[in-house]
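Given the structure is predicted, the values throughout are model-derived calculations rather than measurements. A note on names: the letters A, B, ... follow the listed sequences, proteins ahead of strands, and every chain is numbered from 1.
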Amino acid sequence: MRPFATFEERLSDWTTNAMKSVFGLEDAEVNLGVAPTNNEKFGDYQCNAAMTLTKLLKKAPRQIAQEFVDAAELPEFVEKIEIAGPGFINFHLSNAALAEYIQSLENDPSLGTARVGEGKTVVIDYSGPNVAKPMHIGHIRSTVIGNAIDRLYRFLGYDVIADNHLGDWGTQFGLMMIGYREFRDEEALKTAPVEELERVYVASYNKSKDDVSWRESAKAELVKLQQGDPENRALWEQFIELSIKEFDVIYDRLGVKFDLYRGESFYNDRLPKIIERLEAKGLAKESEGALIVDLEEYGMPICIVRKSDGGYNYATTDLATVEARVEEFAPERVIYVTDERQQLHFKQFFKTSELLGLNANLVHVWFGLMRLPEATFSTREGNVIKLAALLDEAEARALEMVESSSPDMPEEQQKDLAKAIGIGAIKYTDLSQNPQSLVTFTWEKALNMEGNSAPYLQYAYARISSVHDKYRAQYPDTDLNECSLNIEHEIERRLAIKLSRFPAAVRAAAENYRPNIMADYLYDLAQIYSSFYQNVPFLKAPEGERESRIRLCRSTAATLKQGLELLGIETRERI
RNA sequence: GCUCUGGUAGCUCAGCUGGAUAGAGCAACGGACUUCUAAUCCGUAGGUCACAGGUUCGAAUCCUGUCCAGAGCGCCA
């Protein structure tokens with residue numbers, strides 16, 4: 001159970017109520033709560049209400065602050081209150097309250113985080129690679145960011161349904177079918193099936209460019225597939241099976257698990273009905289032979305829901321998917337994680353969904369496209385880097401480091417460690433920056449293992465584990481839970497304050513769909529810990545102080561481990 | 001042309017729902033391994049937060065315009 005509300009929550013409640021009663025503000029729509037200070041010398045939390053209330057109360061900010069301080073009775077966890085600058089009200093928490101809070105977290109698996117999602121379902125749609133194409137480095141962001149959001153929401157108590165909306169339907173399958181029959185290499189199909197399928201597709205596509213009859217037969221095969229021709233259907237199913245099998249290898253390496261693999265094709269049967277609903281609502285109309293939804297009055301271009309050849313497209317499938325998800329899961333929200341190019345599409349389809357009355361809270365989380373330093377990469381340019389190759393390289397580089405720094409470690413353990421470090425480094429690179437910024441891929445950056453990187457965090461964790469184990473070996477009979485946790489040294493205080501802010505980091509990361517908030521938090525925490533580690537003794541400290549510090553270390557380890565887990569990054573006790 | 005993003009230290013990036021002196025990492029320079037794991041720590045140096053206006057007690061953060069870069073804009077997904 002969560003033992004306490006966080007200090008920020010308690011203090012905000014307190015200042016809000018106290019402000020209201022001191023100044024008789026009942027329904028004032030101003031923020032009267034507190035925020036963390038950005039500099040320790042200003043205390044731990046600050047309230048800026050005195051400045052914002054100047055107009056309303058027609059008094060000088062410092063006067064407001066002074067009146068407030070004079071009238072209010074401090075909560076017991078606040079040691080000191082000060083007025084500073086133009087009218088900031090700064091709060092210093094008492095060390096005793098801080099110590100008590102940290103101790104209470106030791107029995108709380110959620111580390112003080114409120115389970116705000118309890119009883120709510122959220123569908124997260126991410127990764128979504130295309131069948132018959134190998135995953136390349138462009139797929140890593142949706143997968144890794146989507147998975148972190150998935151983990152964050154689960155941690156908040158939401159019932160998460162992670163759905164991998166595979167691109168398993170579309171015009172490319174006509175070319176695939178005939179290409180497969182003509183160009184396939186059985187040997188290659190056995191060793192690297194999806195790569196071979198892609199090669200087949202590219203060959204078929206190239207041939208279609210100046211071969212009319214090839215194009216015609218591709219179209220005919222597609223129609224056969226769509227009409228349920230058993231032979232084409234079986235082939236198509238085989239493509240999907242092979243692809244999923246290979247994707248799963250990657251997902252397994254990345255520690256990503258989906259609850260559902262429902263490709264676009266899953267919703268095929270619903271498409272005609274969606275069109276009917278659109279027509280019944282008077283939303284769809286004919287234009288140049290196609291059926292469209294006119295979104296001009298919402299400032300958007302038209303949205304095609306049925307092509308002039310009678311086929312359906314992306315928007316239609318997405319509407320049907322929402323309809324199905326609402327019926328089956330009644331989600332509180334549906335989160336889509338894709339790259340930036342699809343922003344307009346999602347805006348259009350969200351609006352159409354709303355007009356249609358599908359009654360779903362839809363969120364598009366988009367991230368910047370990954371580029372190479374020279375150019376955008378693309379299959380046609382032939383400059384793609386396969387995801388599997390990236391992961392291999394990461395593990396290989398990590399293994400080199402492990403071998404040189406821990407030559408005595410058994411080989412199996414070295415490999416296991418290299419996997420955790422290599423994959424962690426890759427993930428962290430993506431998760432530690434704002435998803436919406438442009439990303440230029442460089443090996444150096446992707447595999448960074450120093451400074452602000454996953455290995456830095458993993459290293460901090462391993463050092464704590466090591467200290468803790470040494471403590472246990474030296475003092476096997478001491479029950480740490482019987483020893484008091486005291487906060488005395490300044491660095492201990494900084495660490496404790498940081499630990500107490502874990503729940504805020506989780507909430508902010510989840511609510512803003514920004515795992516980098518969590519990554520930032522963990523990096524800060526690890527930095528404070530590293531400084532702590534380097535500057536004060538633990539095992540050599542006098543009794544009492546020693547036990548207290550070990551307990552603080554233990555809490556730090558628990559927080560680091562949990563936080564990294566929320567990012568999908570593994571920890572090891574030894575590095 | 002229209003729409004959406006971004007522009008912060010030499011490089012890569014945080015910070016952006018307005019708060020006090022703009023932060024990290026890398027690179028550079030100087031220090032710390034007989035001591036709990038140096039993948040670390042301590043320090044020095046590095047900035048017109050693209051530019052110009054505006055809003056306000058207060059702007060890197062909000063608004064407008066300009067410049068630069070990326071993406072999207074009817075039958076791909």
Under 4.0 Å between a side-chain N or O of [X] and OP1 or OP2 of [N]?
{"X": "A:Lys55", "N": "B:U56", "value": "no"}
{"X": "A:Lys445", "N": "B:C13", "value": "yes"}
{"X": "A:Asn38", "N": "B:G23", "value": "no"}
{"X": "A:Lys470", "N": "B:U37", "value": "yes"}
{"X": "A:Arg463", "N": "B:A38", "value": "yes"}

Starting the side chain at C-beta, find the nucleotide from [options] nearest to [X].
{"X": "A:Ala290", "options": "B:C73, B:C75, B:C36", "value": "B:C75"}
{"X": "A:Ser466", "options": "B:U37, B:A20, B:A24", "value": "B:U37"}
{"X": "A:Ile292", "options": "B:G74, B:A71, B:G19", "value": "B:G74"}
{"X": "A:Asn48", "options": "B:C42, B:A14, B:G19", "value": "B:G19"}
{"X": "A:Asn516", "options": "B:U5, B:A14, B:A20", "value": "B:A14"}
{"X": "A:Lys347", "options": "B:U37, B:C75, B:C4", "value": "B:C4"}
{"X": "A:Leu344", "options": "B:U37, B:C36, B:C73", "value": "B:C73"}

Task: Atom-to-atom span, CZ of A:Arg62 to P of B:G19 - whole angstrom - done: 20 Å
Task: Nearest-angstrom distance from the residue atom CD of A:Glu450 to P of B:U12 - done: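 The distance from CD of A:Glu450 to P of B:U12 comes to 19 Å, rounded to the nearest Å.
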Open item on the list: Is the distance between the ring centroids of A:Tyr428 and A:Tyr456 under 6.0 Å?
Closed with: no
Open item on the list: My understanding is that only one of A:Trp366, A:Phe349, A:Tyr126 makes a ring pair (Phe, Tyr, Trp, His ring centres under 6.0 Å) with A:Tyr336; could you say which?
Closed with: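 Of the listed options, the one satisfying the test is A:Phe349.
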